[in-house]
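The next block holds one structure in the form of structure tokens; read it before the comments.
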Amino acid sequence: MMDDLHNNIYVWHGDTRISICQHWDSPSDRLDGNAAMQEVGIIPDDDAWGSMHIDKYSASLDHFIDVLKAVRNKIDADKNKI
């Protein structure tokens with residue numbers, strides 16, 4: 001049942017793995033489309049989930065796109081620091 005309250009999609013930007021996630025508090029919230037949490041996370045290379053960079057997004061497509069672009073830009077900027 002708990003798996004029904006969590007949706008996760010993994011994508012890549014270069015060699016960096018990204019998690020796009022939604023969580024619901026209850027099955028009825030999922031049916032109504034009311035996510036408790038929506039976030040995009042940069043998965044660390046060492047799988048140290050506690051240090052994962054996370055940005056939250058709203059139900060707006062424009063905001064979701066803005067967050068995805070910001071995450072992409074952060075990854076690119078961090079790669080250029082090395």
Side-chain angles (χ1 to χ4, degrees):
M1 178 66 138
M2 290 305 290
D3 290 340
D4 293 342
L5 300 178
H6 181 262
N7 183 32
N8 206 326
I9 299 168
Y10 296 105
V11 297
W12 292 87
H13 179 59
D15 61 352
T16 303
R17 194 169 167 203
I18 310 301
S19 168
I20 302 169
C21 191
Q22 289 181 307
H23 303 269
W24 292 271
D25 288 333
S26 71
S28 62
D29 287 342
R30 183 169 180 159
L31 292 174
D32 293 338
N34 298 321
M37 184 182 304
Q38 300 181 126
E39 56 193 23
V40 178
I42 301 171
I43 300 174
D45 292 336
D46 59 5
D47 287 330
W49 292 89
S51 65
M52 183 175 183
H53 175 88
I54 296 174
D55 287 326
K56 298 188 183 317
Y57 63 93
S58 68
S60 158
L61 179 59
D62 288 334
H63 188 243
F64 180 52
I65 291 168
D66 289 343
V67 168
L68 289 173
K69 287 179 179 179
V71 167
R72 179 200 58 205
N73 293 343
K74 177 174 178 24
I75 293 167
D76 290 345
D78 288 350
K79 295 285 183 196
N80 289 330
K81 287 181 187 176
I82 299 173

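Residue numbers count from 1 along this sequence. Small disclaimer: the values here were computed from a predicted structure and weren't measured. Because only heavy atoms are used, hydrogens play no part in the values below, and waters and symmetry mates are left out as well, while side chains stay in.
When all heavy atoms of K56 and V67 are compared, the pair lying nearest together is O-CG2, 3.5 Å. The nearest pair of heavy atoms linking A35 to Q22 is CB-NE2, 4.5 Å. Taking both residues in full, the closest heavy atoms of Q38 and A59 are given as NE2-N, 3.6 Å, listed atom of the first, atom of the second, then distance. Of all the heavy atoms in N34 and W24, the pair that sits closest is O-CD1, 3.4 Å. Here the closest heavy-atom approach between residue G41 and residue M52 is recorded as CA-CE, 3.5 Å.
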Open item on the list: If you apply the rule side chain to side chain contact (heavy atoms under 4.5 Å, CB included), what do you find for D15 with D45, and how did you get there?
Closed with: CA-CA 9 Å; D15 61 352; D45 292 336; over 6 Å; no
- [ ] Could you give me the CA-CA distance, side-chain angles and deciding distance for I18 and I75, then say whether side chain to side chain contact (heavy atoms under 4.5 Å, CB included) is met?
- [x] CA-CA 10 Å; I18 310 301; I75 293 167; 3.2 Å; yes
Task: Verdict with reasoning, C21 to H6, per side chain to side chain contact (heavy atoms under 4.5 Å, CB included) - done: CA-CA 7 Å; C21 191; H6 181 262; 3.2 Å; yes
Open item on the list: Under the criterion side chain to side chain contact (heavy atoms under 4.5 Å, CB included), I'd like the reasoning laid out for I20 against Y57: C-alpha separation, chi angles, the key distance, then a yes or no.
Closed with: CA-CA 10 Å; I20 302 169; Y57 63 93; 3.9 Å; yes
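In this structure, V40 is a member of the same hydrophobic cluster as I65, with clusters built from ILVMFWY side-chain heavy atoms closer than 4.5 Å. Both V71 and I9 sit in one connected hydrophobic cluster of ILVMFWY residues. Membership requires side-chain heavy atoms under 4.5 Å apart, directly or through other members.
Atom CG of L68 sits about 10.0 Å away from atom NE2 of H63, to the nearest 0.5 Å. To the nearest 0.5 Å, the span separating CG on N73 from NE2 on H13 amounts to 8.0 Å. Here OG1 of T16 is found 3.5 Å from NZ of K79. Values are rounded to the nearest 0.5 Å.
For the side chain to side chain contact (heavy atoms under 4.5 Å, CB included) with R17, the lone residue among I42, I43, V11 that qualifies is I43.
A salt bridge links K81 with D78: at least one charged nitrogen is closer than 4.0 Å to a carboxylate oxygen.
Applying the side-chain contact (heavy atoms from CB on, under 4.5 Å) criterion to D66, with sequence neighbours excluded, gives no partner residue.
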